[in-house]
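What you see is a predicted model; the values in this text were computed from it and never measured.
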Amino acid sequence: SSRPPAPAALNPWDVKLCVSGTAIACENALVVAIICYSPALRTPMFVLVGSLATADLLAGLGLILNFVFQYVIPSETVSLLTVGFLVASFAASVSSLLAITVDRYLSLYNALTYYSERTVLCIHTMLAGAWGVSLCLGLLPVLGWNCLHDRTSCSVVRPLTKSNVTLLSASFFLIFLIMLHLYIEICKIVCRHAHQIALQQHFLTASHYVTTKKGVSTLAIILGTFGASWLPFAIYCVVGDPDYPSVYTYATLLPATYNSMINPIIYAYRNQEIQRSMWVLFCGCFQAKVSFRSRSPSDV
């Protein structure tokens, strides 16, 4: 009698990715629940934060599903679906980060007209475009842009082709450069505002200096975290060879997933309105009918 095929040996790196996906899913599911639960969190800023949390939540679920199907139901078709799902989710996460950066820039550059219907329309248009492009990127492997039938075209991320990961990496580099430019402009605006306040008060107080320094430092941390998480993986996708040991792919991919784990801390849990909504949701320490003024996205 023929024996059933032996299960694949458990890869410790896959376990780490699954654990990372579980933490990502739990963190971002809480953010999505808070935003959906709280009527006060309906401003453009929280719509963007909700989009980011949703994308990261899907990315976390994708990592879990990829682990389950890899060791429970190994199939090339399922592998394509999970990889496409992960590509779409992480692309939506990065695109949402870009949309948040654009929103922060607009809130400072057009501060007087920021709270208007035009801003809401702009935010919804950006999100629709971001999710539409991300969905298209995720469908490419499923629609045939894969290396299942041509192993020589495989990239360091199987079953994606070299041209596919090159496109994804080029898109990331473009988004990173746009974010870098916008954050530099935001720093200039923040410093200019502090200088104008100092001229009005005839001197630059220590509090103004501390506030400006804190704002610039926060922006540097945000962009630095994003770059440190994704740049190694994006660069390796371009220069790496599929014949290299798979540990190199795992070692650069794992830090990239950490960005989705850090995003809720940077963009959600540090926000006072979300903190208050958490108390309302879990502890009932505040009255649910109390409305809180939502800060501008420029409050970094």
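Leu174 is linked by a side chain to side chain contact (heavy atoms under 4.5 Å, CB included) to Ile178, counting only residues two or more places apart in sequence or in another chain. For Phe90, the ring-ring contact (aromatic ring centres under 6.0 Å, His included) partners at least two apart in sequence or on another chain are Trp230. In this view, Thr252 and Pro232, Phe233, Tyr236 satisfy the side chain to side chain contact (heavy atoms under 4.5 Å, CB included) rule, not counting sequence neighbours. With sequence neighbours excluded, no residue satisfies disulfide (SG to SG under 2.5 Å) with Cys18.
The main-chain N or O of Pro242 is found under 3.5 Å from a side-chain atom of Arg158 such that the two form a donor-acceptor pair. Ser38 contributes no side-chain N or O that, together with a main-chain N or O of Ile35, makes up a donor-acceptor pair within less than 3.5 Å. With Tyr267 contributing its side chain and Ile262 its backbone, the two residues share no donor-acceptor pair below 3.5 Å. Ser51 contributes no side-chain N or O that, together with a main-chain N or O of Val47, makes up a donor-acceptor pair within less than 3.5 Å. In this structure, Asn66 contributes its side chain and Gly62 its backbone to no donor-acceptor pair below 3.5 Å. Within the 3.5 Å criterion, the main-chain N or O of Leu41 finds no donor-acceptor partner in the side chain of Glu273. Without hydrogens or angle criteria, Ser95 side chain to Ala92 main chain gives no donor-acceptor distance under 3.5 Å. Remark: side-chain polar atoms of Ser169 are paired, donor with acceptor, to backbone N or O of Ala234 under 3.5 angstrom. Panel note: side chain Ser155, backbone Leu160; a donor-acceptor pair is recorded below 3.5 Å. In this structure, Thr249 contributes its side chain and Val156 its backbone to a donor-acceptor pair below 3.5 Å.
Here salt bridge (Lys or Arg N to Asp or Glu O under 4.0 Å) pairs that include residues 177-187, with residues two or more places apart or in two chains, are Glu185-Lys188.
Between Leu61 and Ala25, the shortest heavy-atom contact is CD2-CB, 4.2 Å. When every heavy atom of Asn28 is checked against every heavy atom of Ser260, the shortest pair comes out as ND2-O, 3.3 Å. The nearest pair of heavy atoms linking Ser79 to Pro159 is OG-CD, 4.0 Å. Closest heavy-atom contact between Ala268 and Val49: CB-CG1, 4.2 Å. Considering every non-hydrogen atom in both Ser93 and Leu52, the closest pair reads O-CD1, 3.5 Å.
When only modelled atom types and interatomic distance are considered, Tyr71 and Asn11 share no side-chain donor-acceptor pair under 3.5 Å. In this model, a donor atom of one side chain and an acceptor atom of the other lie less than 3.5 Å apart for Ser20 and Thr257.
With a 4.5 Å cut-off between side-chain heavy atoms of Ile, Leu, Val, Met, Phe, Trp and Tyr, the cluster of Val120 takes in none.
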(Q) Evaluate Val238 against Lys162 for side-chain contact (heavy atoms from CB on, under 4.5 Å), listing each step before the verdict. (A) CA-CA 8 Å; Val238 176; Lys162 296 177 182 178; over 6 Å; no
Q) Could you walk me through whether Val102 and Met179 pass the side-chain contact (heavy atoms from CB on, under 4.5 Å) check? A) CA-CA 8 Å; Val102 173; Met179 290 178 61; over 6 Å; no
Q: Please step through side-chain contact (heavy atoms from CB on, under 4.5 Å) for the pair Tyr183 and Ile222, ending with a clear verdict.
A: CA-CA 10 Å; Tyr183 274 128; Ile222 292 173; 3.4 Å; yes
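Residues Leu17 and Val247 fall within the same hydrophobic cluster, defined by Ile, Leu, Val, Met, Phe, Trp and Tyr side chains chained together at heavy-atom separations under 4.5 Å. Val133 and Ile175 fall within the same hydrophobic cluster, defined by Ile, Leu, Val, Met, Phe, Trp and Tyr side-chain heavy atoms under 4.5 Å apart, directly or through other members.
Classification of the Tyr244-Tyr248 ring pair by plane angle, with boundaries at 30° and 60°, yields perpendicular.
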